[in-house]
Every structure is written in C-alpha cells, then in structure tokens.
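This report refers to the structure that appears directly beneath it.
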Amino acid sequence: MKPQKTIALYNGDLIPAIGLGTWKSKPEELYQAIINAVQLGYRHIDCAAIYANETSIGKALKDLITAGEIKRESLWITSKLWNNAHRKKDVAPALEQTLKDLKLDYLDLYLMHWPVAFKPEVRYPQTADEYLSLDEVPLAETWEALLQQKEAQKTRHVGVSNFSVKKLQSIIDATGEIPAMNQVELHPYLKQDALLAFCKSKRILLTAYSPLGSRDRIPEMKAENEPNLLQDQTILELAEIHQASPAQVLIAWHLHRNCCVIPKSVNKQRQLENLESERIKFSEEDLNNLKKLDKNFRFVNGKFFEIPGNSYVNIYDE
Ligand code: A2P
C-alpha cells in the first residue's frame with residue numbers, strides 16, 4: 001500500500017488528505033463499504049450522527065480492529081454534532097452516543113455540523129418554532145462545549161462545518177480558541193478562495209464535502225438543471241490529458257490546494273479510483289483552466305434551514 005498524502009493540523013498532527021465520505025450511504029451497504037475501504041488503504045472516515053449509519057460503521061471498525069487488520073491509532077475518525085444538541089448540556093451526551101454507535105473510546109475530530117440550532121427533540125424541523133435562535137443558543141456556547149469534550153479526551157480535535165469567515169471570527173473572538181477544521185462544500189464551481197485564505201491565515205484546515213457534486217442526493221435537495229461536475233467539459237479534458245477519470249481530477253484539485261477531501265463511495269472500484277487520485281499533478285495551464293470554472297454554485301445551498309418566521313437567513317453570510 002502506497003503512503004498517502006497527509007496534511008498537518010495547527011499542532012502538527014497529521015490527517016490523511018483523502019477520507020471516505022459516508023453521507024447518503026445506506027446502513028445496509030456501509031458495513032461492507034467500510035471493510036473494503038480500510039482494506040484498500042483508506043485511513044480517514046468522515047461520519048455524522050444525522051447520517052443515521054454510524055452503527056454500521058462502528059460494527060465494521062470493531063471487526064477490523066478485532067481481526068488485527070488495523071489499529072485504532074492508524075485511523076482518523078471524524079463525526080459531527082447534530083443541530084438538536086447545541087445547548088451546552090446536550091453536547092456531551094450527543095458525543096457519547098456517537099462514540100457508542102461507532103464503538104470507539106475517542107474521536108479524532110468532532111465538528112459542529114451547522115451554525116443552526118434546533119429544539120432537542122427535533123431531527124428535521126418542519127416549522128419555524130422547532131428552531132432555536134442563535135440568541136437562545138449562541139454558537140460560542142456550543143463551541144465551548146465542544147472544547148470541553150476535547151479537554152475530556154473524548155476527541156483529539158474539534159472544529160466546525162458550514163461556517164463563514166464571519167462566523168469563524170465570531171467564535172474565535174468569543175473564546176480565543178481556533179477550530180482545527182472547517183468542513184465546507186468545495187469544488188471547482190465553488191472554490192471559496194476568500195474562506196480558504198482566511199482559514200490558512202488562522203491555520204484552520206478545510207475539508208471539501210460534495211467534491212463530486214453529490215448526485216445521489218434526494219430529489220428535493222436538487223435544483224432544477226443543476227450543473228454536473230463529473231460531465232463538465234474542462235474536467236473531461238483534464239481527465240483525458242492525465243489519463244484519469246473526472247472524479248480523480250476533481251479530487252486531485254483539493255490535494256493541490258492542501259485541503260482534505262471526502263468523496264463518498266460504497267463501490268469498491270470507485271473507492272480505489274478515488275484514492276488513486278493522488279498521482280495527478282496539474283500544470284499551470286490546468287490550474288488556470290480549473291480556476292475559470294468557479295460560479296459560486298452550491299449543491300447544498302442551506303436554504304432548507306430558512307423557514308419564514310425563524311431567524312435563519314443567509315446562513316453562509318454571502
Ligand atoms: P457510489 O457510492 O455508488 O460510488 P459526493 O462525494 O460529491 O457526495 O458524491 C457521491 C456520489 O458520487 C455517489 O453517487 C457516488 O456513487 C458517486 N461516485 C463516487 N465515486 C465516483 C467516481 N469515481 N466516479 C463516478 N461517481 C462516483
């Protein structure tokens with residue numbers, strides 16, 4: 001197995017640059033997908049409580065570790081706090097449940113999934129009154145509770161997801177503590193250079209979600225006529241030049257930018273293909289062509305959190 005690219009966090013700890021995404025993976029297919037991925041060489045797995053599949057991942061990890069195929073300390077496991085556990089007292093129990101489901105003693109990284117809070121009993125709100133406002137549960141309160149989980153050694157690192165520069169700055173100002181990671185949607189149609197530059201200046205790493213355009217989302221989450229990254233003309237041309245697949249081009253671009261990337265696949269062949277993206281090295285011309293693709297387009301536009309009467313508008317502060 002070839003050594004994989006790793007990226008240093010603020011304190012020098014190394015995270016494998018390519019992780020396996022698990023959003024949208026069905027529980028019944030994920031057990032085998034995790035076994036395959038680890039056997040192929042994946043060492044970084046990206047999870048979240050709301051994906052409702054952590055128990056399948058936990059069973060696979062336990063079986064791999066028990067069989068001596070992998071050591072816990074060779075893996076990087078990320079998970080995320082769901083929006084209904086943002087109150088200070090709810091954070092520790094939520095992480096405890098995730099650890100139980102994943103059959104782990106600790107995480108490598110725990111992220112605040114969204115800068116949005118729901119009432120505790122609500123998984124997916126249907127009405128405005130099922131939300132809590134950020135005045136009721138400030139992001140800094142949740143961030144402090146995450147930091148306490150790091151202190152308690154339940155997770156080695158803590159970070160956030162879907163945070164704008166403004167929101168990152170607000171929790172840093174409130175606590176003096178900088179997140180290790182911000183996981184956001186990132187691909188050539190949404191290159192987010194200003195966010196990347198800000199994060200670099202603070203030594204916050206970015207992880208790119210939906211790097212392939214997440215075409216397996218439920219129809220309600222898709223815009224009409226949304227563009228297809230995997231069939232983009234420039235991406236197809238670069239794939240041809242590098243004798244690679246379009247997915248490999250898309251993944252390699254993040255490695256070039258020193259960002260982590262978490263393509264989801266439950267298919268062994270595509271998992272391997274994605275892991276092998278590292279061999280692509282872009283020329284200046286390639287990079288210029290990729291740069292031209294930006295259109296500030298989000299596949300996950302966050303509008304589903306904007307219900308008339310709740311306090312969430314423009315969650316990306318654009
Ligand atoms: P599958 O899981 O059957 O491989 P994203 O990571 O942006 O959310 O995209 C995930 C989608 O892309 C899934 O539908 C996944 O299907 C598909 N996918 C993953 N790897 C590849 C690949 N190498 N080529 C084409 N499609 C891929």
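Both counts, for ligands and for their atoms, begin at 1 and track the order of listing.
With contacts defined as side-chain heavy-atom distances shorter than 4.5 Å, the pair Leu111/Val160 does not qualify.
Among residues two or more places apart in sequence or in another chain, the ring pair (Phe, Tyr, Trp, His ring centres under 6.0 Å) test is passed with Phe297 by Phe299. A search for ring pair (Phe, Tyr, Trp, His ring centres under 6.0 Å) contacts involving Phe163 returns nothing, not counting sequence neighbours.
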Side-chain donor-acceptor pairs under 3.5 Å in residues 49-57, sequence neighbours left out?
residue, atom, partner, partner atom, Å
Tyr51, OH, Lys80, NZ, 3.0
Asn53, ND2, Thr22, O, 3.0
Asn53, ND2, Ser25, O, 3.0
Glu54, OE1, Thr98, OG1, 2.8
Glu54, OE2, Ala48, N, 3.3
Glu54, OE2, Ser79, OG, 2.5
Ser56, OG, Pro27, O, 2.9

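Salt bridge status for Lys200 with Asp193: absent, with no side-chain N to carboxylate O gap under 4.0 Å.
Judged by distance alone, the side chain of Arg270 and the main-chain N or O of Glu273 form no donor-acceptor pair under 3.5 Å.
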Which pairs of nitrogen or oxygen atoms, taken one from ligand 1 and one from the protein, are under 3.5 angstrom apart?
residue, atom, partner, partner atom, Å
ligand 1, 2 (O), Lys264, NZ, 2.8
ligand 1, 2 (O), Val266, N, 3.0
ligand 1, 3 (O), Arg270, NH2, 2.9
ligand 1, 4 (O), Ser265, OG, 2.6
ligand 1, 4 (O), Arg270, NE, 2.6
ligand 1, 4 (O), Arg270, NH2, 3.3
ligand 1, 6 (O), Lys264, N, 2.9
ligand 1, 7 (O), Pro211, N, 3.4
ligand 1, 7 (O), Leu212, N, 2.8
ligand 1, 7 (O), Gly213, N, 3.2
ligand 1, 7 (O), Ser214, N, 2.9
ligand 1, 7 (O), Ser214, OG, 3.4
ligand 1, 8 (O), Lys24, NZ, 3.0
ligand 1, 8 (O), Ser214, OG, 2.6
ligand 1, 14 (O), Asp216, OD2, 3.4
ligand 1, 20 (N), Asn274, ND2, 3.0
ligand 1, 23 (N), Glu273, OE2, 2.9
ligand 1, 23 (N), Asn274, OD1, 2.8

